Amino acid sequence: AATAARAATGDPAREAGDLRAALAAAAAEITALAERSDGEAADILAFQVAMLEDAALAEGAFHAIEAGIPADHAWRQALAAEIEGYEAAEDEYFRARAADLVDIRDRVLAHLTGTAGLDVVPRGAILAAEDLTPSRFLATDWSAGGAVVLAGGSPSSHVAMLARARGVPMVVALGETPAGRVALVDGDRGVVVVEPGPQTRQAFEGRMEEAAAAGAAALAFRDRPAAMADGTPVSVLINIAEPAELDGLDPAICDGIGLVRTEFLFHAGRGLPDEEAQLAVYARIAAWARGRPVTIRTLDAGGDKPIAGLTVQEANPFLGLRGIRLSLTRPEVFRVQLRALARAAVHGNVKVMLPMVAVPAELERAGALLDEAVADLKAAGLPHARPPLGIMVEVPAAAISATRFPAAFYSIGSNDLTQYTMAAARDLGAVAELNDAGDPAVLALIASTVAAGAARGVEVSLCGDAGADLSLLPKLLATGLRAVSVAPVAVARVKAAIARC
Ligand SMILES: C=C(OP(=O)(O)O)C(=O)O
Ligand SMILES: [Mg+2]
């Protein structure tokens with residue numbers, strides 16, 4: 001649709017009218033799609049409508065039309081500049097938003113050229129493309145299976161998040177795609193086999209059957225409390241990075257939420273979220289859990305998670321102004337989050353957790369700011385409660401001497417604890433082998449944190465990816481750990497693995 005030709009009228013006023021009509025039709029179409037969607041999908045589409053309705057987006061195109069350029073060319077040129085700007089952004093989040101703009105561009109072009117609504121993906125097909133737009137993904141019926149292979153794209157794009165949430169296998173950044181050929185797509189391993197031979201097909205089918213059988217067997221464990229072979233109970237909580245992950249999820253499958261990563265709130269590209277916006281999200285998450293604990297982590301910006309307008313450029317960002325360090329240098333931003341969290345605490349069993357704590361003074365200062373926020377809310381007569389304040393144990397300094405931290409609870413961040421203990425960055429393939437949470441040194445720090453929790457009589461959980469590593473679980477439980485927090489999709493198999501320990 002995006003490349004179809006259009007006969008220009010030669011009349012700038014008519015060209016401008018056509019573009020206006022195409023913009024309105026595209027906005028109406030996306031709005032209708034948004035109304036049929038929910039959660040994250042609806043948010044993405046609402047973002048696209050907001051962009052389309054922003055007069056600044058088409059301003060350049062209308063100027064070009066006045067200068068005699070046909071509407072479709074003018075629109076394409078104007079969007080090219082915008083898309084380039086997003087693609088060149090340092091922040092991966094903004095780069096990923098380029099796909100939303102391509103989506104908007106093509107939708108408007110389809111209306112300008114009269115070819116809107118023509119592309120239909122056959123049910124169950126593998127969709128091969130350079131990149132895929134979120135609305136195109138959402139407009140496709142995946143109920144009969146199918147997969148997506150992309151020459152470009154990024155694992156943190158909106159469309160990749162949607163595919164993960166809906167269980168559609170997707171492999172990105174292939175460089176080229178096997179268009180028009182038979183292929184096998186393994187989304188778990190990030191592998192595409194083109195024109196597979198009979199043996200490969202058979203092996204693949206065998207693995208699909210095995211995975212389906214293991215999934216079905218594990219499913220029997222999902223709705224029951226987890227326990228080890230001898231009956232010892234283990235709490236299994238969930239990690240979420242976006243509230244939309246809770247849509248359609250039954251809270252009864254878990255013992256609560258062990259980690260809410262709040263970075264998503266600061267990624268909207270519309271400045272820092274205010275207190276009311278944060279409160280609405282935290283309260284919604286707290287209400288979902290129906291009384292189960294909900295551990296919300298304060299902003300963990302910095303490191304590999306830059307946030308425009310907040311984080312700073314650093315030569316060594318993993319060792320820089322990250323997590324609680326950044327929050328304490330920006331108390332005006334931190335205060336807003338603490339107030340919203342204290343207000344959300346009346347909507348459920350909310351706990352607050354600080355990331356990247358290295359010294360007790362950080363916990364003390366954050367606690368003082370929380371007390372201040374609570375006092376201010378009281379003075380203002382706003383409903384609130386003081387949530388328990390705990391820490392992530394993910395810096396070796398904290399793990400080595402966790403008893404020094406008077407935290408209400410400890411949550412072991414095995415992802416960072418591993419990278420800092422092994423001095424092997426978590427995002428670097430070249431040192432991936434060293435970045436091993438099962439290394440005896442990392443396990444010793446996990447064990448000492450568990451022991452510190454027992455000595456102080458406070459809860460210890462583990463919310464890093466190690467908790468969902470089935471081969472590691474026996475070693476983690478052997479340290480005395482009795483609570484893990486994992487992605488919602490991993491709950492069933494983690495509970496099944498615990499039962500074997
Ligand atoms: C859970 C963790 O936090 P994040 O992955 O968000 O850094 C961790 O470090 O293990
Ligand atoms: Mg971490």
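Whatever order the structure lists them in is the order used to number ligands and atoms, beginning at 1. None of the values given here were measured: they were computed from a predicted structure.
- E263 approaches T298 most closely through the heavy-atom pair OE2-O, 4.3 Å.
- No hydrogens or angles considered: a donor-acceptor pair under 3.5 Å links the side chains of E90 and Q313.
- Checked for salt-bridge contact, D300 and K305 meet the test: a charged N lies under 4.0 Å from a carboxylate O.
- Under a 3.5 Å cut-off, the side chain of T479 and the backbone N or O of I446 do not form any donor-acceptor pair.
- The closest side-chain donor-acceptor pair between Q48 and D100 falls under 3.5 angstrom.
- Of the N and O atoms on the side chains of R456 and Y410, at least one donor lies less than 3.5 Å from an acceptor on the other residue.
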Could you go through N239 and S485, starting from their C-alpha distance and side-chain angles, then the distance that decides it, and tell me whether this counts as side chain to side chain donor-acceptor pair (under 3.5 Å)? CA-CA 6 Å; N239 295 344; S485 192; 2.6 Å; yes
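- Of all protein N/O/S atoms, those lying under 2.8 Å from the Mg ion (ligand 2) come to 2.
- We find that R335 and E372 are joined by a salt bridge, their nearest charged nitrogen and carboxylate oxygen being less than 4.0 Å apart.
- For ligand 1, the 4.0 Å heavy-atom shell takes in L259, R261, R297, D300, K305, R322, M392, E394, G413, S414, N415, D416, R426, C463, G464, ordered by chain and residue number.
- Using modelled atom types, one finds no donor on one side chain facing an acceptor on the other under 3.5 Å when comparing E82 with Y86.
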